[in-house]
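Contents: one structure, followed by commentary.
All residue numbers in this chain count up from 1 along the given sequence.
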Amino acid sequence: MRDTVSTLPALPLDLDELRLPIPVQPRPPRPRPVRTWFRRHGPDVAWLVPLLVLTGFVHAAGMTRSPGFAEVEGRTVERIAAGAWSLPGDLGIAQLAAWVDLAGALDRAGYAVAAGREAMLVVLLLGVVLLWLLARRLAVPRPAAAVAVVVFAVSPLALHVHRMVLVEHVAVLWTLLAFALATARRRQPVAFAAAAAALLLAVLTEPSFLLFAPFVVWTMWQQVRARAARLALTAAAATTAAGGYLYVLLTLGDAGVPAPERWWTLDPVLVVAGPAAAAAAMLFRPLRPPAAALLTLVPLIVVPAGPVPVALVVAGLPLAALLIPATAHRLIVRLLRVRGRPEATPLGIMAATAAAALVVAVTATWPGELRPLLRADATTTVGQAERWLQANVDRDARLIVDHTIRTDLLRSGFAVSAVLPFTSFPAAVTPEDVLPAVTVATTEPLRPAPPDWTHYDYVVSTPALRGDETERPEVRTALAESTVVAAFGAGAARIEIRAIHPLGRDVAEAVAAADRRTVRYSTRQLLRNDALTFDAGARAIATAGRIDPRLVIVLGKLSGTHELDVSLPALPGEDDGVRRRVVLGGLPTDDEAARLALWLLGQPPPFTPLSVDTDGTTVIATYSLVAPRDLLPDPPQH
């Protein structure tokens with residue numbers, strides 16, 4: 001038998017020395033939720049951050065200067081500043097007040113409305129995030145979603161409306177969130193319940209957004225497959241659609257945004273491309289609910305029955321911005337699918353022509369309309385008028401103003417009861433409004449009508465007041481029976497501070513003419529006085545009798561002790577009024593100017609100046625707005 005050599009290892013003599021390998025299960029990887037989230041959403045964040053920076057920069061550049069302050073903004077900010085809101089009826093005001101109060105925006109802003117516009121910047125940034133989320137949930141690629149954000153944030157019409165302090169912008173946030181949650185394919189019970197809650201908050205913020213309930217339900221209906229669930233969602237959509245349409249039709253008279261012709265001027269591209277994209281989007285199943293929502297808004301917006309509710313325009317902007325690039329992407333994908341077929345060439349030509357026309361239209365219209373929104377200052381006249389009122393009008397004077405400046409005047413010390421918003425006056429009653437007397441039980445307190453126009457001293461004629469479409473006889477009469485004492489700006493932005501004359505404008509003008517004759521008679525003596533040297537402008541003003549009678553008497557006293565150069569510059573806004581500021585020059589030394597200033601301040605009332613300043617050898621004295629009558633002797637009768 002042949003010997004064989006084993007290659008197996010020899011067994012150990014002691015079994016304790018035997019060590020067998022024991023298999024060990026590998027440790028499962030540690031969960032890294034942050035890393036996993038960034039791996040999935042990092043590209044979206046990389047796209048979204050620059051878009052947020054662009055949105056914030058463009059919106060903040062001039063947001064407190066353009067567009068001009070609107071009456072609806074003034075009412076909103078006034079309620080925030082006064083805390084005149086309650087839940088749940090004023091949920092939109094409460095959400096804006098949360099930022100304005102916590103951030104101290106009213107303390108920083110130069111105007112109260114500017115504080116509200118600061119809150120709108122925060123709302124817009126949140127809206128950009130939600131619009132991006134909705135676009136990605138609808139399978140819109142990132143470049144197209146970026147275009148949607150740019151249109152939503154930078155287009156002239158959107159920028160104009162987004163800067164306005166409107167609670168409807170907050171309702172848009174909740175609506176976008178509801179649409180995004182309604183697209184969920186997983187954990188649908190939780191997501192759909194959250195979508196319903198978001199839509200409820202949108203409706204509580206602005207009831208007109210009930211109009212979007214059926215389209216949110218439609219989006220949910222697209223995600224489910226169970227027949228029972230679809231039947232329930234269909235019933236819910238039908239019910240909310242009826243309620244939403246009825247409410248919007250009943251509120252079509254509530255205006256708050258520019259007229260449709262103004263939209264065309266601001267942004268014809270968005271006005272045309274938005275509805276066109278919505279019509280084309282009906283070809284694609286995922287885009288049908290938002291497209292149908294926008295197509296529903298279009299006839300309500302252009303209806304000729306009356307002014308357009310602000311909620312409809314604000315709600316249509318994100319839908320139009322989303323559908324334009326999303327529809328374009330879907331059409332391009334469908335065009336590529338038919339590549340090589342006979343119909344591909346004409347479709348390609350049509351698509352290229354439409355894209356070129358859109359680019360040309362944007363290039364031709366957007367820069368011209370964006371430039372005033374970014375650089376123009378439509379609020380300069382507001383600041384000038386407010387400073388004039390604060391410097392020249394007694395704090396207990398009674399004024400008729402609009403809401404855009406009322407909050408600022410109250411913050412500067414004017415009495416709440418003395419500064420009346422013009423909307424407090426009742427509208428004119430037409431024969432159609434007269435109905436048979438019906439007893440109706442109500443829990444709302446009756447608001448007493450304000451005193452008539454004769455009880456007020458000034459009316460501030462602003463673009464918001466003049467643009468009020470409600471016929472208010474008291475306001476119209478106050479404007480007619482008043483005269484301008486200060487005016488700022490020109491054209492549509494002009495602000496006039498008008499003194500109200502209870503006896504009528506004709507009587508006031510007759511009295512003013514008599515006062516000018518008296519002043520002209522007295523100033524003839526001053527113009528012949530060798531101690532006073534009037535410049536050409538001051539001589540013309542004095543000859544016309546447009547000089548404060550207190551200045552005539554003071555200059556007469558000074559002519560006996562000083563040789564002076566006299567100038568009569570106009571105060572800001574008072575170019576056509578009576579001159580009540582005098583500049584005295586020609587004094588030999590600075591000390592002499594200081595002594596003259598002290599002498600002016602030491603004069604008894606009513607000859608005490610409102611303020612006296614010195615500039616080297618020049619003295620500048622300013623007197624109060626209203627001078628007593630009968631200070632000068634009457635001219636002889638011829």
Side-chain angles (χ1 to χ4, degrees), residues 55 59 63 67 69-77 90-93 95-96 99 113 116-117 119-131 134 148-149 151-179 198-199 201-213 215-216 244 247-248 251-260 262-264 266-267 270-271 274-275 278 290 293-303 306-324 373:
T55 299
H59 185 92
M63 67 178 180
F69 298 153
E71 177 69 10
V72 63
E73 296 182 273
R75 290 198 299 267
T76 301
V77 176
D90 299 318
L91 182 61
I93 299 289
Q95 293 172 85
L96 292 179
W99 171 265
V113 175
R117 290 191 173 182
M120 301 321 299
L121 173 59
V122 179
V123 171
L124 178 60
L125 294 176
L126 294 175
V128 166
V129 174
L130 292 174
L131 182 63
L134 176 59
V149 168
V151 174
F152 177 65
V154 181
S155 62
L157 177 58
L159 185 61
H160 181 99
V161 175
H162 285 152
R163 286 179 172 178
M164 300 178 68
V165 186
L166 304 171
V167 297
E168 287 79 3
H169 292 302
V170 183
V172 166
L173 297 184
W174 294 115
T175 305
L176 291 175
L177 180 60
F179 271 110
L199 186 61
L201 290 173
V203 174
L204 291 176
T205 302
E206 170 50 52
S208 297
F209 278 72
L210 181 62
L211 187 67
F212 292 96
F215 305 103
V216 174
Y247 181 85
V248 172
T251 58
L252 278 180
D254 183 17
V257 293
R262 175 58 177 155
W263 309 339
W264 177 263
L266 278 171
D267 198 346
L270 192 60
V271 171
L294 182 57
L295 291 176
T296 303
L297 293 178
V298 171
L300 294 175
I301 291 175
V302 300
V303 67
V308 179
V310 63
L312 302 184
V313 180
V314 173
L317 289 174
L319 298 178
L322 170 66
L323 291 172
I324 291 173
L373 288 172

Determine whether T76 and V113 satisfy the following criterion, side-chain contact (heavy atoms from CB on, under 4.5 Å), listing intermediate values before the conclusion. CA-CA 9 Å; T76 301; V113 175; over 6 Å; no
Is the closest side-chain heavy-atom distance between L124 and F152 below 4.5 Å? yes
Is there a donor-acceptor pair under 3.5 Å between the side chain of E206 and the backbone N or O of A202? no
When rounded to the nearest 0.5 angstrom, what distance separates OG1 in T55 from CG in L121? 9.5 Å
To the nearest 0.5 Å, what is the distance between CZ on R117 and CG on L166? 9.5 Å
Which atom pair, heavy atoms only, marks the closest approach of V172 to A315? CG2-CA, 4.1 Å
Do you know the tightest heavy-atom contact between G116 and V165? C-CG2, 3.5 Å
Nearest atoms (heavy-atom pairs only) where A171 meets T205: N-CG2, 3.8 Å
Nearest 0.5 angstrom please: S155 OG to D267 CG, how far? 5.0 Å
Side chains of L317 and V151: closer than 4.5 Å at any heavy-atom pair? no
How long is the straight-line distance from CG of L177 back to CG of L199, given to the nearest 0.5 Å? 10.0 Å
Minimum heavy-atom distance between P156 and L373, given as atom pair plus value: O-CD1, 3.6 Å
Any side-chain heavy-atom pair from W99 and M120 closer than 4.5 angstrom? no
Does the R163 side chain pair with the main chain of H59, one donor and one acceptor, at a distance under 3.5 Å? yes
Could you pull out the closest heavy-atom pair between G316 and L294, with the gap in Å? O-CD1, 3.9 Å
Supply the atom-to-atom distance L130 CG to T175 OG1, rounded to the nearest 0.5 angstrom. 10.0 Å
A178 to V216 - nearest heavy-atom pair and separation: O-CG1, 4.0 Å
Are L176 and F212 side-chain neighbours, meaning at least one heavy-atom pair lies under 4.5 Å? no
Qualifying residues under ring-ring contact (aromatic ring centres under 6.0 Å, His included), relative to H169, sequence neighbours excluded: H162
What's the separation between atom CZ in F215 and atom OG1 in T296, rounded to the nearest 0.5 Å? 3.5 Å
D90 side chain to I93 backbone, donor-acceptor under 3.5 Å: no
When you compare the side chain of L211 with that of L297, does any pair of heavy atoms fall below 4.5 Å? yes
Do you know which of L131, V129, L201, L126 makes side chain to side chain contact (heavy atoms under 4.5 Å, CB included) with L173? L126
